[in-house]
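Read the structure below first, then the notes.
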Amino acid sequence: MRFNTKCIQAGYTPENGGPRQIPIIQSTTFKYDTSEDMGKLFDLEASGYFYSRLQNPTCDNVAAKLAALEGGSAAMLTGSGQAANFMAIFNICENGGHIVASSSIYGGTFNLIAVTMKKMGIDVTFVSPDADEEELNAAFKENTKVVFGETIANPALTVLDIELFAKVAHEHGVPLIVDNTFPTPVNCRPIEWGADIVTHSTTKYLDGHGVAVGGAIIDSGKFDWMKHADKFPGLTTPDESYHGIVYAEKFGIEGAYITKCTAQLMRDLGCIQSPQSAFYLNLGIESSHVRMPRHVENAQAVAEFLENHPKVAYVNYSGLKSSKYYELAQKYLPNGGCGVVSFEVKGGKEAAMIFMKALKRCAIETHVADARTCCLNPATSTHRQLTDEQLEEAGIPAGLIRMSCGLEDKEDLIEDLSQALDLI
Ligand SMILES: *Cc1c(COP(=O)(O)O)cnc(C)c1O
């Protein structure tokens, strides 16, 4: 199957006379004829369903589609993007471990790594997303277990040099995890560039309609855990909580990581996606290859309009030739990145407030990446506790607007921006 066909048909094949659409298996539990049958499942001797906290057929069908789209060997859904990133890292980096992470990542993930995982005894070194090989090498420690970054960072819109980050990670014997939320597999497939594990907040473009919070983890099945056995004892030594199974031996290079993450972390943490949410997610994925190009087309048109506007100080969009990330975007995102653009209106907080108030088509929301266009002025909303000086230091000027271009006619979006800018 080619990519667009996979968006529609991968992950679920109906049986003769079976439902055409992925059925929503709204059942917590599954029935067996004998205790022996069920015992085999608990021992991971046979595959099958017994309780939806571990696995559910609807979620598995959608996860299998995502594995096919990203070019991975196995995948699982989680209750949110936060859960996906936490479990993806924690599956291989426990108490005493160390993470090398790009500093340009989603605020929630930054906090997860810098504060919450720190409390669990996991250390981190943040590096610039623009770090060269030497700077990256210097960030590694004896106990480094993983490297983490975002293909296109939310909200800074920096573009990650995936090949470089993967090369350096592999030289140090650890995998690269890439959060691919903003481009989706439609616009970038990090595994093709050397990433080992991909994560998503499916809440964003994959859902695409702002209906269900969710996440996903996809394993490339290419990282050789046994080759670096001493670094990853959780995968390469017996799991006493599962009858002494050695995941890397029993499930091999393609299955070990996701099986451990399901059998151990999902069992114990329970942050599942509901079958109903997975069903909605699948509807979004089916049209993702049609929607993403339109998000990109609208964002490119909006960015070009804003770049030439006298009341705009600068525009941040990697599809603009003036962008610092234009070259990297041409390489990793040749069909465009995503629909999110950020720009600074001249005149600071006051100008931004006038502008935001005047918007008619663009809604004021903290969300991004859905069919409806929305705008946010961090200085007067998410970051309103900061002074103008603190905002400047954080790289968030008071006049900064983040705009997520939806699927409306681009002319309507530009007209709305134009009338609002005129009022400043
Ligand atoms: C939104 C987002 C997250 C967090 O996802 P939730 O589904 O809100 O938990 C993680 N990474 C990126 C890049 C995001 O945009």
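Just so you know, ligand 1 is whichever comes first in the structure, and atom 1 is the first atom listed for that ligand. Reckoned from all heavy atoms, side chains included, excluding hydrogens, waters and symmetry mates.
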Query - Numbering as shown, the atoms of ligand 1 that approach Q82 to under 4.0 Å (heavy-atom distance) - result: 4 (C), 5 (O), 6 (P), 9 (O)
Query - Heavy-atom check, side chain of V178 versus side chain of W193, under 4.5 Å - result: no
Query raised in the report: At a 4.0 Å threshold, what atoms of ligand 1 neighbour a non-hydrogen atom of E150?
Result: 13 (C)
Query raised in the report: Should G81 be counted as touching ligand 1, given the test is an N or O pair under 3.5 Å?
Result: yes
Query raised in the report: Any idea which protein heavy atom is nearest atom 7 (O) of ligand 1, and the distance to it?
Result: T203 OG1, 2.6 Å
**Report entry** H98: which of T144, N143, D123 passes side chain to side chain donor-acceptor pair (under 3.5 Å)
**Finding:** T144
Query raised in the report: Do K204 and Y106 meet the cation-pi criteria used here (NZ or CZ under 6.0 Å from the six-membered ring centre, within 45° of the axis)?
Result: yes
Query - Between Y332 and N187, a side-chain donor and acceptor under 3.5 Å - result: no
Query - Polar contact flag, side-chain donor to acceptor under 3.5 angstrom, E135-S128 - result: no
Query raised in the report: What atoms of ligand 1 come within less than 4.0 Å of a heavy atom belonging to N154?
Result: 14 (C), 15 (O)
Query raised in the report: Nearest protein heavy atom to atom 14 (C) of ligand 1, by residue and atom, and its distance?
Result: K204 NZ, 2.9 Å
Report task. Name the closest protein heavy atom to atom 5 (O) of ligand 1, giving the residue it belongs to and the distance to 0.1 Å. Result -> S201 OG, 3.0 Å
Query - All side-chain contact (heavy atoms from CB on, under 4.5 Å) counterparts of D60, not counting sequence neighbours - result: Y49, Q55
**Report entry** Numbered atoms of ligand 1 (with element) below 4.0 Å of T181, judged on heavy atoms
**Finding:** 12 (C), 13 (C), 15 (O)
Report task. Heavy-atom contacts with G214 under 4.0 Å: which atoms of ligand 1 show up? List them by number with element. Result -> 7 (O)
Query - Side-chain heavy atoms of P129 within contact of S103, under 4.5 Å - result: yes
Query raised in the report: Which ligand 1 atoms, with their elements, are less than 4.0 angstrom from a heavy-atom of D179?
Result: 10 (C), 11 (N), 12 (C), 13 (C)
